[in-house]
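Here is the structure we will look at.
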Amino acid sequence: MAESGVLIVVSAPSGCGKSTIIHRLMQVREKLCFSRSATTRAPREGEQDGVDYFFVSRDTFQSMIRAGEFLEYAEYVGNYYGTPKFAVDERLEAGCDVYLDIEVQGAMQVKRQRPETLLIFLMPPSMQELERRLVGRGQDDMDTIHRRLHEAERECAMRDAFDYVVVNDDVERAVAEINELISAHKRRLTQSNA
Ligand code: 5GP
């Protein structure tokens, strides 16, 4: 039987460069799976259902909550986001490490339920740089950008609740640091289970 994988949560304010980091990390690490979330947010241009997210209605999301289908879920800037439990557990059992890109409330729920989870908080180099990136990517209107920046300040204030804080000042450096944190975490878990 394959050795079980580990659960890794990376939280970061929106616009911090998380998707670039995960794509690079998947190129440098073997057996790392990305968990696809469900959300009630509308797809952005270029996003596809079942690829970027499972885009569902509020009614569907609420019935998934009632059916206990989520490992965690949270409301963020007016929309629900949640991690379906089934796909995560299936991948962990198959020996894959599973990477969750979720916001801080969800990260805390996962840590409570699965204390062996590695929690990493990814910080923007500065709030000015974060605003520049959010405006530059042109995906959200100014009202949404201001709400996301407000949310970012609240999220950064919670970084001490994470196991590690990594500053995304340079993608390759941040990827190398996260890669090493995952390897060290796996070594520790293996030793403590031996
Ligand atoms: P976005 O709308 O920019 O795709 O995501 C907004 C925020 O929701 C990001 O911080 C992202 O990490 C978070 N998020 C995405 N999926 C989930 C999820 O399944 N659960 C939780 N709690 N947050 C999520």
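The model shown is predicted, which means the values in this text are computed figures rather than measured ones. Atoms within each ligand, like the ligands themselves, are counted from 1 in listed order.
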* Asked: What protein heavy atom sits nearest atom 9 (C) of ligand 1, and how far off is it?
  -> K18 NZ, 3.5 Å
* Taking only heavy atoms of A74 into account, list the atoms of ligand 1 that are under 4.0 Å away from them. => 22 (N)
* Asked: Atoms of ligand 1 less than 4.0 Å from D101 heavy atoms?
  -> 11 (C), 12 (O), 14 (N), 15 (C), 16 (N), 17 (C), 24 (C)
* Within-4.5 Å side-chain heavy-atom neighbours: E129 and P124 -> no
* **Minimum non-hydrogen distance to atom 5 (O) of ligand 1, winning option of Y73, F54, Y76, Y53** => Y53
* To do: Would you tell me which option among Q109, E103, R148, Q105 has the nearest heavy-atom contact to atom 22 (N) of ligand 1?
  => E103
* Test applied, ring pair (Phe, Tyr, Trp, His ring centres under 6.0 Å); reference residue, F61; option that passes from Y80, Y53, F55, F54 -> Y80
* To do: For R41, take its heavy atoms, then give the atoms of ligand 1 lying under 4.0 Å from any of them.
  => 1 (P), 2 (O), 4 (O)
* To do: If you have a sec, work out which protein heavy atom is nearest atom 19 (O) of ligand 1 and how many Å separate them, to one decimal?
  => S37 OG, 2.7 Å
* With heavy atoms only and a cut-off of under 4.0 Å, state how R44 meets ligand 1: side chain, backbone, both or neither. => side chain
* Asked: Would you say the side chain of E151 lies within less than 4.5 Å of the side chain of R154, judging by non-hydrogen atoms?
  -> yes
* **CZ-CG distance between F162 and L118, expressed to the nearest 0.5 angstrom** => 10.5 Å
* Numbering as shown, the atoms of ligand 1 that approach G82 to under 4.0 Å (heavy-atom distance) -> 18 (C), 19 (O), 20 (N)
* **Under 3.5 Å: N/O of A38 near N/O of ligand 1** => no
* **E72 side-chain N/O to T83 backbone N/O, donor-acceptor pair under 3.5 Å** => yes
* Take E177 and R173, measure what salt bridge (Lys or Arg N to Asp or Glu O under 4.0 Å) needs, and give me the verdict at the end. => CA-CA 6 Å; E177 190 176 344; R173 199 206 54 76; 2.7 Å; yes
* So does D52 pair up with R41, basic N to acidic O under 4.0 Å? -> no
* Do me a favour and list the nearest non-hydrogen protein atom to atom 20 (N) of ligand 1 with residue, atom name and distance? => E72 OE2, 2.7 Å
* Asked: Is there a side-chain contact between H150 and H146, using heavy atoms and a 4.5 Å cut-off?
  -> no
